[in-house]
Undergrad: 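Sharing a structure with you now.
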Protein chains: 2
Amino acid sequence: MAHTLEDIAEKSGYSRSTVSRVINGEPGVSKKARQQITKIIKELNFHPNQAARALATGKINTIGLLIPETVNFIFTDPYFQLLAQGISKACENNDYALLLWLTEPEIERSSIKKYLNHGIVDGFITASINFDEPMIDTLLQSNLPFVIIGRHAYEFDLNYVDLDNLAGAELATQHLVDRGYKRIATITGPQDMFAGEERLTGYCNVLHANGLVIEENLIIEGDFLQESGYTCAKKLLAFKPDAIFAASDMMAIGAMNAIREAELHIPEDIAVIGFDNLPLTAQQKPPLTTIHQPIHQMGYLAVETLLKVMDNPDGEVFQTIIRPSLVTRQST
Amino acid sequence: MAHTLEDIAEKSGYSRSTVSRVINGEPGVSKKARQQITKIIKELNFHPNQAARALATGKINTIGLLIPETVNFIFTDPYFQLLAQGISKACENNDYALLLWLTEPEIERSSIKKYLNHGIVDGFITASINFDEPMIDTLLQSNLPFVIIGRHAYEFDLNYVDLDNLAGAELATQHLVDRGYKRIATITGPQDMFAGEERLTGYCNVLHANGLVIEENLIIEGDFLQESGYTCAKKLLAFKPDAIFAASDMMAIGAMNAIREAELHIPEDIAVIGFDNLPLTAQQKPPLTTIHQPIHQMGYLAVETLLKVMDNPDGEVFQTIIRPSLVTRQST
DNA sequence: TATAGAATTGGGAGCGCTCCCAACCACCAA
DNA sequence: TTGGTGGTTGGGAGCGCTCCCAATTCTATA
């Protein structure tokens, strides 16, 4: 069996309490005691029993990552991988464990509810993707602190970490304008999603500010995935754009494929800019100009935000909006 | 604060012990008591405190999913998605929580070690992909029970769940032979992986058994990913095969693209068979004949195996090899 | 040197559960 | 009536930790 606090206490000649203080980095321990106890802990590779700690403190030192989507989605979306990595890292650094909830739609809602009240996490992080009304209600009813990555469409006083999608789209579009492109098309994200909507707004803002006409033929709605980038671009090409702003990197990649198939050159005949700065964009031919979204960092931040929320049960709301930046490569 | 066993005991007029028995489905409780207590538990939506339970039993009711993420293809591989789904489902059904470990390469190995000894899981599941020596040593040293999905290259007395890759490859190749194809090529998996190696062996076995020549030009090594299927197929086409056995569906899909680009018809000019039976194979044009691997079920089984291992600390080794089956569609 | 006050240390109580043994109750056979 | 039996039930002990208060030691000052 593993060691206990009491073992360490005995071996070091101090008491359980002092050992506990050392482990938790509390003040009020002499240097000598701290050194000796630390040494023994290291030697014995001692780790306090999490269950006992949880029972005594009422906190279980675990946060949940709630993903209201089929698993397929999670592991295919490179965006999500980076997010999960950031979250995972932050948990590790803060000595929290990360519990993964994969909840499939509909039927499993009840199981979320069950889990939320199970007392197995102190709080959780979730992504705003595809929130419907009952879902958000369930979360709110849980009484557990949580942080959303992204933003909810109409619940505004939630804790979230999100990108400034508007600014990002403006950066992208302004970049195209600055390069002298005139017929700038866009493949948007889904218009029932906050991010999709804002990225279109940013595009329109910049065209307008620069006195360019917003031509309906040059705006087409995609779904953020590669396939839709391809099909949308095919349609757009009929209207002879000289640049395309795709609201996601995956769509930009799809669009590049379509452009190549039409035997046009990037960026000579037509420029392409993406959004997200996924790692694979750098390996495209040509490398894709895009808007950098610090996804990993956002995951990390979400955890830190959650920890703050958990320390502040009296309702302070934490909202962070991250500024994106432009990454210029050879596709524009 | 949440209710406790004692609350339920008081409300029902029975004792803590009896309530505990009801909750854990133990025998030796009268029907009347069981009914009344069950009713009150439902009414109050009571869930026993996990930490207390863990402390009392010494089991924390959580298993870890360890993902040695050195290889980014783990994520992009739809194989992994299905696996995770099965694992997640099994955990839910057995009332275990699933803890996610995303471990980054090299440097973070030590952190795995730390976690393993942290007592936050009762056991864990991991995938065999890209195990290097220090990795497996770390796992073995942990003293925690674990189950591998797949097989380790040279450690044979580990608990695992794996597919009979040999039989699968034989099924696939035999199918091609039966259909009358003579120049059967193969795009193999990486030859330093057990699955890759076995699938090639199966291919050779069948050719040999049927008196066909094994032609080196018709064997080419891929890496299981779509891209490599495409490039390998391009090379193979020079040698005029009339059928291709790709050791993964993704490679088969890549190969089909290459074949179409060469303006050849599937299966008239050249047949293609894959391996895995990923959902997307059914939607190919033409739908892909492939070897069915019950991935979801394997994930599920891995959890059940782990539970068995945890009940048998005295070293019984559980190894399951699943038989694949042939799924005939229109590509052959 | 005495003593207040600060720094350090020790140990009881309790978190909510499970495990185990003892107690209780009916019921039946002797 | 007594004793034995099996089915139920109750409650003490203990899991390993934190929290809190009391005890002890040290330090600085009069």
Side-chain angles (χ1 to χ4, degrees), chain A residues 1-38 40-41 44-62 95-97 117-122 310-311, chain B residues 1-38 40-41 44-62 95-97 117-122 310-311:
Chain A
M1 200 44 204
H3 295 281
T4 71
L5 265 196
E6 211 87 40
D7 295 343
I8 309 293
E10 198 183 331
K11 289 228 163 56
S12 67
Y14 287 90
S15 72
R16 184 165 37 89
S17 300
T18 303
V19 176
S20 172
R21 286 188 193 101
V22 170
I23 286 184
N24 295 299
E26 281 166 26
V29 179
S30 67
K31 234 175 222 155
K32 197 179 129 208
R34 200 177 289 275
Q35 280 176 356
Q36 285 187 17
I37 293 173
T38 304
I40 294 182
I41 289 173
L44 269 50
N45 190 25
F46 170 75
H47 293 284
N49 179 304
Q50 295 297 307
R53 191 178 243 180
L55 183 57
T57 57
K59 298 187 62 224
I60 198 146
N61 250 48
T62 298
D95 268 323
Y96 267 74
N117 294 316
H118 227 12
I120 55 171
V121 297
D122 299 317
M310 295 191 310
D311 274 349
Chain B
M1 198 43 203
H3 295 281
T4 71
L5 266 196
E6 212 86 42
D7 293 344
I8 309 292
E10 198 183 333
K11 288 227 164 58
S12 67
Y14 287 90
S15 72
R16 183 164 40 86
S17 301
T18 303
V19 175
S20 173
R21 286 186 195 101
V22 170
I23 285 183
N24 294 299
E26 282 166 26
V29 179
S30 68
K31 230 175 225 155
K32 197 179 129 209
R34 200 177 288 277
Q35 280 178 355
Q36 284 187 19
I37 293 173
T38 306
I40 293 183
I41 289 173
L44 268 51
N45 190 26
F46 170 73
H47 295 284
N49 179 304
Q50 295 297 309
R53 190 178 244 180
L55 182 56
T57 58
K59 298 186 61 224
I60 198 147
N61 251 49
T62 299
D95 268 323
Y96 268 73
N117 294 316
H118 226 14
I120 56 171
V121 298
D122 299 315
M310 296 191 310
D311 274 349

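Letters A, B, ... are given to chains in the order of the sequence lines, protein chains preceding strands, and every chain is numbered from 1. None of the values given here were measured: they were computed from a predicted structure.
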Undergrad: Just the rounded figure in Å: distance from P of D/dT8 to CD1 of B/Ile37.
TA: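 About 13 Å, once rounded to whole Å.
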Undergrad: So for atom CD, which belongs to A/Glu10, do other residues, nucleotides or ligands contribute more than 12 heavy atoms lying within a distance under 6.0 Å?
TA: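 Open.
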Undergrad: Does the side chain of B/Ser20 get closer than 4.0 angstrom to OP1 or OP2 of C/dT18 through an N or O atom?
TA: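 So the side chain of B/Ser20 is within the cut-off, an N or O lying under 4.0 Å from OP1 or OP2 of C/dT18.
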Undergrad: Please figure out whether B/Arg16 or A/Phe46 has its closest DNA chain D nucleotide nearer the 5' end.
TA: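 The 5'-side residue here is B/Arg16.
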Undergrad: Which value, rounded to the nearest 0.5 Å, describes the distance between A/Ile41 atom CD1 and A/Gln36 atom CD?
TA: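 One finds 12.0 Å between CD1 of A/Ile41 and CD of A/Gln36.
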Undergrad: Has B/Thr57 got a side-chain N or O lying under 4.0 Å from the OP1 or OP2 atom of D/dC15?
TA: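 No, no such contact exists.
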Undergrad: Nearest whole Å is fine: how far is C/dC21 P from B/Arg21 CZ?
TA: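 It is 13 Å, rounded to the nearest whole Å.
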Undergrad: Return the value, rounded to whole Å, for the distance between atom CD1 of B/Ile23 and atom P of C/dT18.
TA: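 After rounding, the gap between these two atoms is 7 Å.
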Undergrad: Within residues 24-31 of chain A, find the residues that approach DNA chain C with a heavy atom at under 4.0 Å, and present them sorted by residue number.
TA: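 Heavy-atom contacts with DNA chain C come from A/Gly28, A/Val29, A/Ser30.
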Undergrad: Determine, step by step, whether B/Tyr14 and B/Arg21 satisfy the side-chain contact (heavy atoms from CB on, under 4.5 Å) criterion, reporting the C-alpha distance in whole Å, the side-chain angles of both residues, the deciding distance to 0.1 Å, and the verdict.
TA: CA-CA 11 Å; B/Tyr14 287 90; B/Arg21 286 186 195 101; over 6 Å; no
Undergrad: Can you tell me if the side-chain N/O atoms of A/Arg53 get under 4.0 Å from OP1 or OP2 in D/dT18?
TA: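 A/Arg53 to D/dT18 OP1/OP2: side-chain N or O found under 4.0 Å.
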Undergrad: Could you report the tightest heavy-atom contact between B/Tyr96 and B/Thr62, atom names first, then the distance?
TA: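 For B/Tyr96 and B/Thr62, the tightest heavy-atom pair comes out as CD2-N, 3.5 Å.
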Undergrad: Just the rounded figure in Å: distance from P of D/dG16 to CD1 of A/Ile60.
TA: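 Value for this atom pair: 17 Å.
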Undergrad: Compare the minimum distances between each of D/dG10, D/dA13, D/dG16 and the side chain of A/Ala52, then state the nucleotide with the smallest one.
TA: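 Per side-chain heavy atoms of A/Ala52, the pick is D/dG16.
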Undergrad: If you round to the nearest 0.5 Å, how far is OG1 of B/Thr57 from CG of B/Asn24?
TA: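 B/Asn24 atom CG to B/Thr57 atom OG1 measures 9.5 Å (nearest 0.5 Å).
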Undergrad: Starting from P on C/dC15, measure out to CG on B/Leu55 and report it in whole angstrom.
TA: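 In whole Å, C/dC15 P lies 13 Å from B/Leu55 CG.
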Undergrad: Classify A/Ala9 by what it touches in the nucleic acid, base, sugar-phosphate, or nothing, heavy-atom distance under 4.0 Å.
TA: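 A/Ala9: no heavy atom of the nucleic acid under 4.0 Å.
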Undergrad: Find out whether B/Leu55 and A/Arg53 are in side-chain contact, i.e. whether some heavy atom of one side chain is under 4.5 Å from a heavy atom of the other.
TA: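 No, too far: nothing below the 4.5 Å cut-off.
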Undergrad: Whole angstroms only, please: what is the NZ-P distance between A/Lys32 and C/dT9?
TA: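 Result: 8 Å.
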Undergrad: Just do the side-chain contact (heavy atoms from CB on, under 4.5 Å) check on B/Phe46 and B/Leu5 with the steps written out, would you?
TA: CA-CA 9 Å; B/Phe46 170 73; B/Leu5 266 196; 4.1 Å; yes
Undergrad: Find the distance A/Leu5:CG to C/dG14:P and express it as a whole number of Å.
TA: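 Checked: the CG to P distance equals 20 Å.
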Undergrad: What is the distance, rounded to the nearest whole Å, between atom CZ of A/Arg34 and atom C1' of C/dA7?
TA: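 In whole Å, C/dA7 C1' and A/Arg34 CZ are 13 Å from each other.
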Undergrad: Counting side-chain heavy atoms from CB outward, which of C/dT9, D/dG16, D/dT9 is closest to A/Ala33?
TA: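 Shortest atom-to-atom distance from the side chain points to C/dT9.
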Undergrad: When you measure from the side-chain N and O atoms of A/Thr4 to the phosphate of D/dG16, is any distance below 4.0 Å, counting only OP1 and OP2?
TA: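 Result: no.
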